[in-house]
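Working notes for the structure below.
Atoms within each ligand, like the ligands themselves, are counted from 1 in listed order. Each residue takes its place number in the sequence, starting with 1.
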Amino acid sequence: MGSLVKFRRPLVFFTHWLVLSLSDNRISGLIPPELGNCSDLEVLELRSNSLTGHMPADLSHLSNLNVLDLGINNLTGELPEEVSKCSLLKSLLVDANHLSGSIPDSLSNLSNLTVLDLSSNNLSGEIPANLTGISGLVYFNISSNNLDGEIPVLLGSRFNDPSAFANNQDLCGKPLGRKCENITDKNRRKRLIMLIVIVASGASLLALCCCFYIFSLLRWRKKLKEGAAAEKKHSPARASSRTSGGRGSTDNGGPKLVMFNNKITLAETAEATRQFDEENVLSRTRYGLVFKACYNDGTVLSIRRLPDGSLDENIFRKEAEFLGKVKHRNLTVLRGYYAGSPDLRLLVFDYMPNGNLATLLQEASHQDGHVLNWPMRHLIALGIARGLSFLHTSNMVHGDLKPQNVLFDADFEAHLSDFGLDRLTVPTPAEASSSTTSVGTLGYVSPEAVLTGETTKESDVYSFGIVLLELLTGKRPLMFTQDEDIVKWVKKQLQKGQITELLEPGLLELDPESSEWEEFLLGVKVGLLCTAPDPLDRPTMSDIVFMLEGCRVGPDIPSSADPTSQPSPA
Ligand SMILES: *[C@@H]1O[C@H](CO)[C@@H](O)[C@H](O)[C@H]1NC(C)=O
Ligand SMILES: *[C@@H]1O[C@H](CO)[C@@H](O)[C@H](O)[C@H]1NC(C)=O
Ligand SMILES: *[C@@H]1O[C@H](CO)[C@@H](O)[C@H](O)[C@H]1NC(C)=O
Ligand SMILES: *[C@@H]1O[C@H](CO)[C@@H](O)[C@H](O)[C@H]1NC(C)=O
Ligand SMILES: *[C@@H]1O[C@H](CO)[C@@H](O)[C@H](O)[C@H]1NC(C)=O
Ligand SMILES: *[C@@H]1O[C@H](CO)[C@@H](O)[C@H](O)[C@H]1NC(C)=O
Ligand SMILES: *[C@@H]1O[C@H](CO)[C@@H](O)[C@H](O)[C@H]1NC(C)=O
Ligand SMILES: *[C@@H]1O[C@H](CO)[C@@H](O)[C@H](O)[C@H]1NC(C)=O
């Protein structure tokens, strides 16, 4: 224990002091405002004393202050907003005092801050959302206060340790177990549905996958044979009755969906989706809702219901017939459609039982990456690249590539979805007026597409690069702040030589000496090439397929899961 000292006034402080460190003494009394005169002071440590009273606002004059540590004292009053004028501050520790009032949102002005410990006080109110803006923050603790409201999402995911937020009566959101009431209803619902899909498919998959697969393959073959036979019998008449589909035809009771391969009625589809019930929604996109449809004969399909008031019926039919011809094993292939009474527009796709890449990555990061090893990540990347490359050689642009639009079939083969749909819908007035919202998704859309409001093959390549980097590093593009993005971050790690930082701990268990590690690095470099700022510097998708195929030596590339699919063009 140190000596018993009491700060008294008048007290002479030497204004040229750089460091004042009197931690672990028994200094009592007030913090003298005159300290503010020591404008050269870089470190002020009075931790673990018996200081009382307020934190003086004069501390704001300490414009060179790097470290302010007043933890474990008996300070009262508010945390003065003026502290945020100490713009070089790197560490601010006032834990274990009796400070009250709210956390000033001006703290976000402290752009150099790396340590912020406000724990064990009596602070109230909400956590200012713009604390998220302090990009260098590495330690953050606000536990044991009186704070309430929702933990800002980005902050919660950056400091994913409940103990940093614990013991606040009314705080909710991630990483605390407590959910926020009615704020994120929609997200929760989505998460729930995804969870159910994953759990259900995971459980049933293991048991049923093999036999079901064989069974459906056999059935499909039979149908194909029957279909071919029927086709031969009366092909001309059939073709015309198909395309006139919809409203009028009643030969088997009720309107039919136009299926490229077999017959399904609208009534069956309504039943299979339980009258388009919310419970059956698989996803919501700007191109309408996607439903899981379980038919009585055991077929499961995915039905997209386009927003009402859509395109003219004849144009819709033409575009749907066109889209139905775009077939590749890494695309979700359109199997049929319906256009009919009042403004109902349906698109039929294969059901993808294994969810999407976004959920897969999320699951993987929760399970320390064991579910997704490097060969699987490589295969997924290659699948996406092949799908996109095929679209590009068919002169189509995806326009909104992101992990949510990468779906997995029963064999975990990647299928791109949500392409070609803008030609099947009429833009809503909101989209039409602000074109920037109609291109892509924040975090994945290329900078030039945001500027021009137009997506191109090159902007698809950029989005692919971001998805690839996310797939390889597990870092989410939206986790970054304005000054940094995933591309800059990866580059920085490579330049600093901190390559192991590219991997989340346990995410990918690669030995830095192994050949897999070299392959991984090659993948990262392909991602960087794709995200070159100048669109002209980016490789084409077929180059990328070539590079990704070359970046792994081992046996790869299983045979196609779907006999209707066509080989990759590359
Ligand atoms: C020190 O600060 C006090 C008020 O905080 C001020 O009155 C005084 O003039 C300052 N002294 C010097 C030497 O700057
Ligand atoms: C704070 O003050 C209380 C009495 O008001 C005292 O019991 C306690 O030891 C003090 N804490 C510190 C760290 O000085
Ligand atoms: C913090 O964000 C709020 C609105 O979200 C804004 O009004 C305020 O100016 C921001 N404060 C700082 C210091 O950036
Ligand atoms: C924080 O920064 C903003 C903008 O740079 C400025 O307007 C505001 O006054 C600052 N707040 C404080 C408390 O320094
Ligand atoms: C600290 O902030 C200053 C300006 O506020 C900036 O120039 C400097 O780069 C920052 N240092 C670090 C390490 O962030
Ligand atoms: C904490 O602050 C509240 C008011 O915000 C006050 O009622 C309460 O007494 C304070 N508790 C302590 C331990 O200072
Ligand atoms: C936050 O502070 C509390 C109390 O000081 C401590 O128990 C906890 O471990 C800290 N959490 C983190 C993440 O440092
Ligand atoms: C949350 O619920 C309260 C009433 O229970 C309601 O007043 C408020 O508008 C709701 N907030 C949101 C974001 O739905």
Answer yes when K292 and E279 have at least one side-chain N-carboxylate O distance shorter than 4.0 Å, and no when they do not. no
Listed by chain and number, what are the ring-ring contact (aromatic ring centres under 6.0 Å, His included) partners of F408, not counting sequence neighbours? F412
Please say which of D117, D95, D24 ends up in a salt bridge (Lys or Arg N to Asp or Glu O under 4.0 Å) with R47. D95
What I want to know is whether S124 and ligand 6 share at least one N or O pair that is separated by under 3.5 angstrom. no
K402: salt bridge (Lys or Arg N to Asp or Glu O under 4.0 Å) partners, not counting sequence neighbours: D400
Just grab all the side chain to side chain donor-acceptor pair (under 3.5 Å) pairs involving residues 522-535, residues at least two apart or on different chains. none
Looking at N121 and S119, would you say the former's side chain and the latter's main chain have a donor-acceptor pair under 3.5 Å? yes
List the protein residues in contact with ligand 7, where contact means a heavy-atom separation under 4.0 angstrom. S119, Y139, N141, S143, D161, S163, A164
